[in-house]
Amino acid sequence: MSSDDPVQPDFEALERIAQEKAGQRNLLFALIGNMSYCWSNNESMFIYVLQYLMRTDEITATIIFGTLNTTRARIDLVERLSEAKLADKDAATQLRRIIRRFNECTKLRNEFNHSVFKTDSEGAITHTHSMRIQRRNGQLHLGELKPVDQQRIEAMGAAIKKMVRLNREIWQFLPMLRQAMDDT
């Protein structure tokens with residue numbers, strides 16, 4: 001066995017003590033699920049933004065949105081259409097602000113949805129390890145290792161609240177965007 005080989009956990013021991021750590025795990029998974037739910041609700045709002053920017057119907061905007069298979073591609077399309085089609089400066093500024101805030105939320109959501117979770121000997125989740133490959137000193141490494149501590153749990157709760165507020169702001173923005181597109 002090489003020193004690079006992963007060490008297999010003692011699954012039986014972990015299962016025996018899993019109930020003791022269930023509260024911590026359930027809280028973390030509930031927060032991750034809530035972040036994903038809120039984030040997804042916000043991402044889907046860009047269907048309506050596309051609908052108005054493209055002056056089309058909801059089904060056409062949904063087909064285009066769904067055909068682009070990454071969030072980055074979807075946001076890029078919204079940004080480019082905004083630059084090409086949205087003459088109203090206030091609406092354009094508001095849309096850029098919404099996109100910026102959405103992208104900020106995306107970072108934390110991706111951090112938890114695209115990480116490996118590290119556990120201690122008792123099965124408590126102690127860290128996330130980013131799956132983003134990084135090159136350091138000519139060597140490839142997994143990304144950043146971050147503790148799952150109280151500060152991080154609080155940051156997740158705060159991010160959920162931001163995403164809920166952002167969703168309301170997008171809903172409030174849609175009539176402004178529609179009017180701006182109708183005026184051009």
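Keep in mind that the numbers below use all heavy atoms, side chains included, and drop hydrogens, waters and symmetry copies.
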Between Ile170 and Tyr48, does the side chain to side chain contact (heavy atoms under 4.5 Å, CB included) criterion hold? Intermediate values first, please. CA-CA 10 Å; Ile170 297 169; Tyr48 302 118; over 6 Å; no
Looking at Ala61 and Thr56, what are the two nearest heavy atoms and their distance? N-CG2, 4.1 Å
Do Leu174 and Met45 touch side chain to side chain, with heavy atoms closer than 4.5 Å? yes
Under 4.5 Å between any side-chain heavy atoms of Phe46 and Leu77, yes or no? no
What is the minimum heavy-atom distance between Cys105 and Met163, and which atoms define it? SG-CG, 3.4 Å
Transitively linked via ILVMFWY side-chain contacts under 4.5 Å: Ile99 with Trp171? yes
Using 0.5 Å steps for rounding, measure from the CZ atom of Arg100 to the CD atom of Glu104. 5.5 Å
According to side-chain hydrogen bond (donor to acceptor under 3.5 Å, both in side chains), does anything in residues 63-77 pair up with another residue at least two apart or in another chain? List the pairs. Glu43-Thr71, Glu43-Arg74, Arg72-Asp76, Arg72-Glu79
Let me know which of Ile125, Thr119, Thr126 forms a side-chain contact (heavy atoms from CB on, under 4.5 Å) with Val148. Ile125
Tell me whether Trp39 is reachable from Phe29 by hopping between hydrophobic residues (I, L, V, M, F, W, Y) whose side-chain heavy atoms are closer than 4.5 Å. yes
Side-chain heavy atoms of Leu86 within contact of Tyr52, under 4.5 Å: no
If only atom types and distance count, is the side chain of Ser40 paired as donor or acceptor with the main-chain N or O of Ser36 below 3.5 Å? no
Point-to-point distance, once rounded to the nearest 0.5 Å, from NZ of Lys146 to OG of Ser130: 8.0 Å
Could you check Arg109 against Thr106 for side-chain hydrogen bond (donor to acceptor under 3.5 Å, both in side chains), going step by step and ending with a plain yes or no? CA-CA 5 Å; Arg109 177 256 184 199; Thr106 298; over 6 Å; no
In plain terms, say whether Glu111 and Lys107 are close enough for a salt bridge, that is, a side-chain N and a carboxylate O under 4.0 Å apart. no
Assess whether atom CZ of Arg178 is packed by more than 12 heavy atoms of other residues, nucleotides or ligands within 6.0 Å. no
Going hydrophobic residue to hydrophobic residue with side-chain gaps under 4.5 angstrom, can you get from Phe117 over to Ile153? yes
Under 4.5 Å between side-chain heavy atoms, counting indirect links through other Ile/Leu/Val/Met/Phe/Trp/Tyr residues: same cluster for Met131 and Leu145 or not? no
Gap between atom CE of Met176 and atom CG of Leu95 - 0.5 Å precision: 10.0 Å
At what distance, to the nearest 0.5 angstrom, does CD1 of Ile98 lie from OG1 of Thr93? 11.0 Å
Just wondering, are more than 12 heavy atoms of other shown residues or ligands nearer than 6.0 Å to CZ in Phe102? yes
Counting only heavy atoms not in Arg80, do more than 12 fall under 6.0 Å of its CZ? no
Distance from Glu58 atom CD to Ile63 atom CD1, nearest 0.5 Å? 11.0 Å
Give me the atom names and distance for the closest heavy-atom approach of Val164 to Cys38. CG2-SG, 3.9 Å
Can you list the residues that meet the side chain to side chain donor-acceptor pair (under 3.5 Å) rule with Thr62, with sequence neighbours excluded? none
Pairing donors with acceptors under 3.5 angstrom, does anything connect the side chains of Gln94 and Asp90? no
One should read off an interatomic distance between Leu31 CG and Ile160 CD1, to the nearest 0.5 angstrom, of 5.0 Å
Okay, side chain of His129, backbone of Gly143: is any donor-acceptor separation there less than 3.5 Å? yes
Non-hydrogen side-chain atoms of Lys85 and Thr184 separated by less than 4.5 Å: no
Donor-acceptor pair, side chain of Ser44 and main chain of Asn41, under 3.5 angstrom: yes
Do the charged groups of Glu169 and Arg97 touch, with an N to O distance under 4.0 Å? yes
Joint cluster assignment, Val78 & Leu68, ILVMFWY side-chain distance < 4.5 Å: yes
Judged by atom type as modelled, is there a donor-acceptor pair below 3.5 Å linking the side chain of Asp57 to the main-chain atoms of Ile59? yes
